[in-house]
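Below: the structure, in structure tokens.
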Amino acid sequence: MNALLKLSGLIDGLSERVGRATIWLILVVVIISAGNAVSRFALNLSSNAMLEIQWYLFSAIFLFCAAYVLKKNEHIRIDVITGRFSARVQNWIDVFGILVFLLPMALLIGYLSWPVFMNAWTSGEMSSNPGGLIRWPVRLMVPIGFALLILQAVSELIKRIAFLTGAGPNVLSKENGPSAEQELAEAIKQHHIAPEVADIVSMNRGMVNGKEGDSK
Amino acid sequence: MTEFLIANMAPIIFGSLVLFLLLGFPVAFALAANGIVFGFIGIELGLFQPTFFQALPERIFGGIMNNDTLLAIPFFTFMGLILERSGMAEDLLETIGQLFGPIRGGLAYAVIFVGAMLAATTGVVAASVISMGLISLPIMLRYGYDRRLASGVIAASGTLAQIIPPSLVLIIIADQLGKSVGDMYKGAFVPGFVLTGLYLIYVMGMTIFYPKSAPALPPEARIFREPGGKTGGTSLLLLTAISSAAAIGWAMSQPADKPTDEMIVVSMCIGMAVAFTLAMLSRLLKLGLFSKMAERVTFVLIPPLALIFLVLGTIFLGIATPTEGGAMGAAGALIMAVSRKRLSWSLLRQAMDSTAKLTTFVVFILVGARVFSLTFYGVDGHKWVEHLLSDLPGGQLGFLIVVNALVFFLAFFLDFFELAFIVVPLLAPVADKLGIDLIWFGVLLAVNMQTSFMHPPFGFALFYLRSVAPSSPFKDHVTGKLTDPVTTGQIYWGAIPFVVIQVIMVGLIIAFPQLVGHDKQLTDAQMEQQGQAIDIRKMLQEDSAKDAAREAEKAGGGAAANDGDALTKALREANKPQ
């Protein structure tokens with residue numbers, strides 16, 4: 001189990017690093033797209049390459065962040081019912097879900113998307129727009145993204161089993177640091193003058209991340 | 001057994017989808033797995049070719065990755081997050097609260113007004129509810145507002161972000177309906193403001209019939225004052241009058257054939273520019289032309305309004321696509337945050353992190369939905385849904401009532417992402433066949449889905465409000481009194497009148513389709529005049545003809561025949577009334 005948990009730690013580190021690097025693409029794509037818009041209005045200038053890079057980056061964001069979001073347990077769940085179950089049952093459901101839902105789906109899509117990339121690579125597929133970009137980099141993102149997702153799924157599986165065998169903590173209940181909402185509340189507390197805000201934020205700290213939050 | 005399976009594939013898939021989703025495993029993966037499991041069963045049963053899944057990579061590539069519309073999701077999310085954290089919400093609430101405070105129910109009006117303004121800059125409900133809950137709720141409690149009214153008005157104003165453009169749900173619905181986001185925004189504009197108006201009317205009704213539920217701010221609570229003790233309201237009125245005159249003057253001087261929407265957008269921009277320049281001059285040159293109140297209102301209100309007009313205005317005028325508008329809005333928000341000295345590395349990183357996560361989980365639900373729909377459409381699931389829904393008594397109206405009741409009910413359990421990705425694509429073809437304008441239908445569903453945030457006990461807005469409302473007695477630092485906490489029951493009861501208002505709004509949109517304005521709309525009445533009244537029986541006959549065509553196509557094999565969406569699109573095209 002220890003070796004497995006070590007592996008899981010390594011995978012978590014990888015997903016975290018890839019995710020934290022990928023989020024910067026948000027800023028990049030905002031700047032590129034705003035630049036594209038302004039150059040189109042002001043100079044009546046637009047480049048297909050710059051327009052296509054927008055959706056290349058968009059694809060990179062959601063494909064490379066998929067594992068990161070899985071690690072943070074932020075893919076939306078409907079736990080109106082299962083939210084009331086015990087931690088053990090919830091972990092068992094996740095074991096089942098990872099083995100029966102997540103892994104087969106990620107393996108299938110990853111497996112099917114590889115030949116598509118190889119085809120684009122060997123044929124040198126280009127965008128059909130004049131001045132557009134070469135296609136293989138964006139085709140390659142799909143197998144890479146899903147490979148990362150598969151790795152993270154294995155890591156999550158190890159963590160669930162570790163909890164069920166008593167070898168690890170319950171990751172499902174662990175708070176992964178303050179949520180975005182909580183940080184907003186903290187920020188308002190800092191900037192706002194009314195002293196009650198501070199009292200209420202401290203009073204309710206932890207509630208935002210509480211179980212109720214996942215009830216939808 | 002096999003026969004039974006083949007004959008009832010669609011209901012079986014749908015039933016197991018519900019089961020899979022209720023397991024509580026992430027929706028994106030449960031959806032995809034459902035498609036894959038039944039895809040394999042379908043191949044085993046001989047319903048699909050063995051090459052069935054070959055269509056998957058292209059479905060992800062073509063519909064999701066290479067999709068400029070979806071790019072608007074991270075842009076508007078990022079814009080909203082940066083603005084919310086730039087302190088804009090706090091300043092707006094404080095200033096507008098002071099402005100309206102002296103009248104009865106003023107704080108509640110301020111919350112609704114700010115809620116609508118925040119909604120027009122962001123599609124994020126959580127942040128609006130949290131800001132308003134933290135800043136306005138304690139003040140409302142201090143001055144004796146009814147707790148149910150106070151919490152209801154905050155939660156409901158936060159959910160306006162769902163319907164007032166640039167809302168995320170409208171982007172997703174537009175994408176799912178195959179319509180332009182710009183049209184969707186145009187269509188949602190009036191309903192969004194009518195709904196805001198209904199909230200205001202409700203609060204006004206409360207101040208008339210239960211004056212104690214929403215008292216005015218006492219004089220000592222009004223902090224923006226002139227040295228002499230005056231409120232400075234006259235000066236504000238004067239400034240408003242000058243800038244309105246400038247705006248109207250410009251509008252009058254233009255040729256009459258200019259498009260109305262362009263006139264409105266440009267003249268409002270001019271009015272705002274005049275007010276801002278005057279206030280700026282007065283401050284920089286220390287002229288003291290205007291009262292504190294007037295200056296404060298100008299400096300707090302104009303920058304976000306200008307941003308809203310730049311982003312939404314350019315989209316409405318068709319100058320910018322929603323994606324471009326979103327990108328410019330995000331860049332504008334960054335500039336605004338820098339100018340307010342609120343942009344730090346940690347804020348930037350956090351906004352990027354939240355945006356990337358939201359984008360990922362939303363897009364992955366779409367990935368799951370497209371894997372699911374490949375199989376579901378492959379077994380004619382859409383046809384099954386169509387037959388279920390088009391056999392309803394009452395034609396269009398019957399369909400609309402059933403669909404809205406269904407969405408209202410599902411909204412108790414699902415949030416709008418799931419509704420938009422799973423339910424909307426199933427309903428859209430039926431609505432289209434019944435001759436319902438899809439933009440109108442999308443806006444109607446968006447208003448309805450808003451209730452999913454307000455339903456006790458699972459509504460998201462209520463949950464976020466709960467997380468920032470005082471949960472135990474606290475000492476009010478101004479009055480020094482110990483204030484009671486807001487109970488969860490009060491939050492739930494407070495939400496109910498607003499849920500009722502939202503349902504009334506759904507009814508209003510059905511009764512007055514012209515509320516949803518966009519360029520090429522055919523209202524029911526016009527359709528009937530043109531003799532295009534819907535004859536379901538005739539349609540079903542056409543349907544079976546198309547079935548035959550489809551079978552022929554399927555026998556021809558090939559990936560195209562397997563791709564449900566392409567097929568549905570082709571069918572829809574074929575079905576368009578001439």
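In what follows, chains carry the letters A, B, and so on, assigned in the order in which the sequence lines appear, proteins first and then strands, with residues in each chain numbered from 1.
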Distance-only donor-acceptor check, side chains A/Asn129 and A/Glu52, under 3.5 Å: yes
Okay, B/Leu347 and chain A: the region with an atom under 4.5 Å from a heavy atom over there is neither
Tightest non-hydrogen contact, residues B/Ala30 and B/Leu21, listed as CB-CD2, 4.2 Å
The interface call for A/Val30 against chain B, heavy-atom contacts under 4.5 Å, is both
Bottom line for A/Phe117: the part with an atom under 4.5 Å from chain B's heavy atoms is neither
Requested in this report: List the steps, then state whether ring pair (Phe, Tyr, Trp, His ring centres under 6.0 Å) holds for A/Phe146 with A/Tyr111.
Outcome: CA-CA 9 Å; A/Phe146 277 87; A/Tyr111 169 76; over 10 Å; no
Bottom line for B/Asp353: the part with an atom under 4.5 Å from chain A's heavy atoms is both
Okay, A/Leu108 and chain B: the region with an atom under 4.5 Å from a heavy atom over there is side chain
Okay, B/Ile73 and chain A: the region with an atom under 4.5 Å from a heavy atom over there is neither
When rounded to the nearest 0.5 Å, the distance separating CE of B/Met328 from CZ of A/Phe41 is 4.5 Å
So, the part of B/Ile365 with a heavy atom under 4.5 Å from chain A: the answer is side chain
Heavy atoms of B/Gly63 and B/Asn67 approach each other most closely as O-ND2, 2.8 Å
Applying a strict 4.5 Å limit to non-hydrogen atoms, the region of A/Leu112 in contact with chain B is both
Of all heavy-atom pairs linking B/Ala469 and B/Ile491, the shortest is CB-CD1, 4.4 Å
Whatever's closer than 4.5 Å to a heavy atom in chain B on A/Tyr68 counts as side chain
The interface call for B/Leu358 against chain A, heavy-atom contacts under 4.5 Å, is neither
No-hydrogen, no-angle side-chain donor-acceptor test under 3.5 Å, A/Asn36 and A/Gln54
yes
